[in-house]
Asker: 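Take this structure, written in structure tokens, and hold onto it; I'll ask about it next.
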Protein chains: 2
Amino acid sequence: MNKAQGAMSYDELRGAIAQRHRALSGRLQQIAEFVLDHPTDVALGTVAEVAQRSGVPPSAIVRFAHALGFGGFTEMQQVFRSRLVAGVAPSYKARLARMKSEEKSVLGRQPAAVLSRFVSEAQSSLVTLSQSVHARELDAATAILAKARDIYLLGLGGSFPVATHLAYVLRKLGRRVVLLDGTGGSIHEQSHAATGEDALVAISFRNYYPDTARLFPELVARGVPTISITDSLLSPIVEGARVVFEIQDMPEPALRTLVAPMCLVQAMAIGLDLAAD
Amino acid sequence: MNKAQGAMSYDELRGAIAQRHRALSGRLQQIAEFVLDHPTDVALGTVAEVAQRSGVPPSAIVRFAHALGFGGFTEMQQVFRSRLVAGVAPSYKARLARMKSEEKSVLGRQPAAVLSRFVSEAQSSLVTLSQSVHARELDAATAILAKARDIYLLGLGGSFPVATHLAYVLRKLGRRVVLLDGTGGSIHEQSHAATGEDALVAISFRNYYPDTARLFPELVARGVPTISITDSLLSPIVEGARVVFEIQDMPEPALRTLVAPMCLVQAMAIGLDLAAD
DNA sequence: GTGCGATTAGAATATTCATTCCATTTGTTA
DNA sequence: TAACAAATGGAATGAATATTCTAATCGCAC
């Protein structure tokens, strides 16, 4: 009623409700309690649904929103929805918005600010990684690698660093590795010896490197067990893969730090080594 | 259309979309890509909003839902909403606790536990990075690169992924880059043309790759301005460098994720590009 | 018990929204 | 090139929804 609630976080709203609870009328108190106990219902439901579940008429819900300073139910609902999106993607939108604004400010142009931006970007990509990769996939991947005679690595363009890193670690651990880098001629020749006894790890992000998209199906067709690391289930290296690791929210090519895939391949390699004992 | 999609989990829906993607028409493929990339928008938005953000007419969105076997957009949206509620249910605390317990349990050898170990290790290495790198060094480094005609990159062995990544980004930004990788003969020949007009970025960690230790002094002696990224001030690529980035606490070669140096070179490259305007 | 202000419920309304339909375009086969 | 089928975009439609309005009710002081 009195306070102008422009943009409000969910936690702030909780505090505000708790504070005013005593001052509210009977019905409104009842709604306050329901709303604090069932934030998800408020976020996703309609006025009628919330009204029914909390046992009050729809108009009371709207009055409640008004009493809190919102223009209406819809406005209040936005705050509850923000809590949901925060739960799945740690401040994805906020991050983007912050980057956009910083980019244009004078501060954002200083190298030090650029570094801290990439650091925080990398941090959140690591959080996402550990959330989105499931144990089952990792187990399956290491099982494939454990049985392989030779391990073929396919990662070109922007993904090449990931492939070289995996190659390095696997070789350190005594595995036989063929890095498909296309030096000294066609990449087809390098992969010509691959069979079902071997294994392939393919890495590719948007925009998918043409050679990768071309070679991958050939190897799959030849029966080579395949592990794919990519950023979308629609990428050209998904179909036919035994295991797919999807790493979401990859920024545009020039801005990606490759932190998440680097960590992932590292864990695959070391996990393989530990499981072998 | 054909499949009766009663109750469906979000992951199942993702799989279904990926599977049918090829069989869909152009517009519908475009929508498929958008919804996989922006599940939150679909969960919370209206048909009109989703349509606008994905750049298609609203009717196409409905047709997409139909093509997937749903009765309409609203029905499909329920699946996307289920993902949001699932995301908040096991709260941060629970998830964090689970990670902690896994880490210490006997299951430490399982790949999933290995991954979470590398992730947390990478997290702390990023924190260290942003603390130990100072603005002055970054400014000096970008200044050197800005004046360079060609940028030579020297990073062999375990550091090679970092060098290739830097090469990729710098080239994307239109810089002339020479990656010293030793293919097709001696690495000396590749670097033969470097002069004081150019610049060198050298990356090396223990155990320092012999070729790096050999080539580095030569280039310095020839007057090439140099930026070094290494793990100790006693490393062979420190003496003579204009700027030295010391990244501490690098684990042994097979265990390092290269997360910190990857971030650093990324920031250097982008910082250079932004400063150039 | 009476009168008054605050509160409430439910119907009425206006808006937003998903869906459908059809004319037009696009792509394909003959 | 012509004819056909599939796909597309945009307007029309009807349902669902939030909000407002008003009459009725409640609580309370006197």
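Hydrogens, waters and symmetry mates are skipped; everything else that's a heavy atom, side chains included, is used. A, B, ... follow the sequence lines: proteins, then strands. Residue 1 opens every chain.
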Asker: Send over the distance from B/I31 CD1 to D/dT8 P, rounded to a whole Å.
Answerer: 8 Å
Asker: What pairs with A/H134 under ring-ring contact (aromatic ring centres under 6.0 Å, His included), at least two apart in sequence or on another chain?
Answerer: none
Asker: Taking CD from B/Q29 and P from D/dA6, how many angstroms apart are they, rounded to a whole number?
Answerer: 18 Å
Asker: Please indicate whether A/E49 has more than 12 foreign heavy atoms, meaning atoms of other residues, nucleotides or ligands, lying under 6.0 Å from its CD.
Answerer: yes
Asker: Provide, to the nearest angstrom, the distance between the NE2 atom belonging to B/H66 and the P atom belonging to D/dA6.
Answerer: 18 Å
Asker: Atom CD of B/E49 and atom P of C/dC17: how far apart are they, to the nearest Å?
Answerer: 7 Å
Asker: C/dA18 C1' sits how many Å from B/L44 CG, rounded?
Answerer: 17 Å
Asker: Please give, in whole Å, the distance from D/dG10 C1' to B/I61 CD1?
Answerer: 14 Å
Asker: If only side-chain N and O atoms count, and only distance matters, is there a donor-acceptor pair under 3.5 Å linking A/Q78 with A/R81?
Answerer: no
Asker: Please name the residue in the list A/I237, A/I247, A/T212 that meets the side-chain contact (heavy atoms from CB on, under 4.5 Å) test with A/T230.
Answerer: A/I237
Asker: Establish, from distance only, whether the side-chain atoms of A/T183 and A/D181 form a donor-acceptor pair under 3.5 Å.
Answerer: yes
Asker: Indicate for each nucleotide in nucleotides 5-16 of chain C, in 5' to 3' sequence, whether protein heavy atoms under 4.0 Å reach the base (B), only the sugar-phosphate (S), or nothing (-).
Answerer: --SBBB------
Asker: To the nearest Å, give me how far apart CG (B/L24) and C1' (D/dT8) are.
Answerer: 15 Å
Asker: With sequence neighbours left out, what residues match A/F73 under ring-ring contact (aromatic ring centres under 6.0 Å, His included)?
Answerer: none
Asker: Taking CE from A/M76 and P from D/dT19, how many angstroms apart are they, rounded to a whole number?
Answerer: 9 Å
